[in-house]
Amino acid sequence: IPTDPIVWFLLFIFGIFGAIALLAFVKSIKTGLISINLAIAHASVIVTAILSAIFFGEILSFYQYLIIIFVLFGIALLSFDQKSLLRFNFKKFNAGAKYAFITVFGWGIIYAIIKPIALKIGPYASVFYPDLFVISIVFFIFLKKGIDKKEIITKVLTKKTLLLILLASITSFSAVLFTVKSILVLKVALTFGIITAAPIVTTILAMIFFKEKITKLQIFAILFVMVNVIILTVIGG
């Protein structure tokens, strides 16, 4: 149990921005394609890199920053629909993109905050407490809106949904634990630069299970991001 009041303050800040980012992300994938909006949301590494440089002195090399800019370029290709890009008309976003950008800033902030929390309370407590604050705030929002018991019984308490929740919980716990362990030995910006490759896995699964169709330009953009992330890991410190 944390005893340092600074840790509790950081956990509270984490909870607020984490809840905002989570709700925005869910909204983005409900209104648009999972593969596209997750890729956009992972541009949060840029926000994390800036905050890490300011508060932790984690200054990356010129080439590392250059690769991050390339990643941003790939994300930009995903943010607009193909017709808008070809016409150089950047007014029309892909569905859900505006919510994905809210997620960018939310995730960027909490990913930077997690390092001082982990240094204070260790990796396992850092998996538990931050998400506990996020879920508590989201639950409070649900309480204010009102909970439909019938909907919970018919949509949540089913075998299929409970199995999906269990699988999501296991994978989420594992991902967060390894992320925290990574940032304890690696620069925060580099850890989340590597995690930017996650949309590749999501895109493949979305195309298989949800029959999502993405354009050749979007496939190129996702692969472009992936290649640059690999380069980032190779030249990483």
Side-chain angles (χ1 to χ4, degrees), residues 1-28 38 41-60 68 99-145 147 152 156 162 164-198 232-233 236-237:
I1 299 175
T3 56
D4 191 337
I6 294 177
V7 173
W8 287 107
F9 173 74
L10 290 174
L11 287 171
F12 180 69
I13 298 299
F14 187 104
I16 292 174
F17 284 100
I20 292 171
L22 179 60
L23 293 171
F25 176 66
V26 171
K27 185 72 174 178
S28 73
L38 180 65
H42 272 72
S44 56
V45 65
I46 307 303
V47 179
T48 301
I50 293 170
L51 294 177
S52 298
I54 294 172
F55 294 105
F56 310 135
E58 292 189 350
I59 306 300
L60 303 182
I68 289 176
Y99 298 107
F101 278 111
I102 296 174
T103 307
V104 166
F105 289 98
W107 282 359
I109 292 169
I110 66 174
Y111 290 159
I113 291 175
I114 195 67
K115 183 162 188 175
I117 294 175
L119 289 171
K120 290 276 189 180
I121 62 177
Y124 293 98
S126 297
V127 174
F128 176 73
Y129 285 104
D131 276 355
L132 176 64
F133 270 74
V134 172
I135 296 302
S136 298
I137 291 172
V138 171
F139 184 67
F140 177 74
I141 293 171
F142 271 102
L143 283 179
K144 289 196 70 176
K145 288 187 174 182
I147 297 175
I152 291 175
V156 179
L162 291 174
L164 288 171
I165 291 173
L166 177 62
L167 291 172
S169 300
I170 293 171
T171 53
S172 178
F173 167 78
S174 302
V176 175
L177 177 62
F178 284 115
T179 297
V180 173
K181 282 182 172 291
S182 175
I183 64 174
L184 287 174
V185 296
L186 190 69
K187 290 177 181 178
V188 176
L190 290 180
T191 294
F192 290 100
I194 296 167
I195 292 173
T196 304
L232 184 66
T233 65

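The residues of the chain are indexed from 1 along the displayed sequence. Every value quoted in this text rests on a predicted model; they were computed, and no experiment measured them. Scope of the values below: all heavy atoms of this structure, side chains included, with no hydrogens, waters or symmetry mates.
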In Å, rounded to the nearest 0.5 Å, how long is the span from [atom1] of [X] to [atom2] of [Y]?
X: Leu177; Y: Phe128; atom1: CG; atom2: CZ; result: 14.5 Å
X: Ser126; Y: Ile183; atom1: OG; atom2: CD1; result: 7.5 Å
X: Ile102; Y: Lys27; atom1: CD1; atom2: NZ; result: 10.5 Å

Any non-hydrogen side-chain atom of Trp8 less than 4.5 Å from a side-chain atom of Phe133?
yes
Does Ile141 reach the side chain of Leu23, with side-chain heavy atoms less than 4.5 Å apart?
yes
Quick one: do Ile114 and Ile110 satisfy side-chain contact (heavy atoms from CB on, under 4.5 Å)? Show the steps, please.
CA-CA 6 Å; Ile114 195 67; Ile110 66 174; over 6 Å; no
Do you know the tightest heavy-atom contact between [X] and [Y]?
X: Ala112; Y: Leu51; answer: CB-CB, 3.8 Å
X: Thr103; Y: Ala41; answer: CG2-CB, 3.9 Å
X: Ala118; Y: Val180; answer: CB-CG1, 3.7 Å
X: Ser28; Y: Tyr99; answer: CB-CB, 3.7 Å

Does any N or O in the side chain of [X] come within less than 3.5 Å of the main-chain N or O of [Y], such that one atom is a donor and the other an acceptor?
X: Ser172; Y: Ser169; value: no
X: Thr48; Y: Tyr111; value: no
X: Ser136; Y: Leu132; value: yes

Kindly determine whether Leu162 and Leu166 satisfy side-chain contact (heavy atoms from CB on, under 4.5 Å), including the steps that lead there.
CA-CA 6 Å; Leu162 291 174; Leu166 177 62; over 6 Å; no
Between Tyr124 and Lys181, does the side-chain contact (heavy atoms from CB on, under 4.5 Å) criterion hold? Intermediate values first, please.
CA-CA 9 Å; Tyr124 293 98; Lys181 282 182 172 291; 3.9 Å; yes
Show your working on side-chain contact (heavy atoms from CB on, under 4.5 Å) between Leu38 and Phe25 and close with a plain yes or no.
CA-CA 8 Å; Leu38 180 65; Phe25 176 66; 3.7 Å; yes
Do other residues, nucleotides or ligands put more than 12 heavy atoms under 6.0 Å from the CD1 atom of Ile6?
no
Result of checking Val7, Val134, Leu11, Leu10 against Tyr129 for side chain to side chain contact (heavy atoms under 4.5 Å, CB included):
Leu11
What about the rings of Phe17 and Trp107, do their centers lie closer together than 6.0 Å?
no
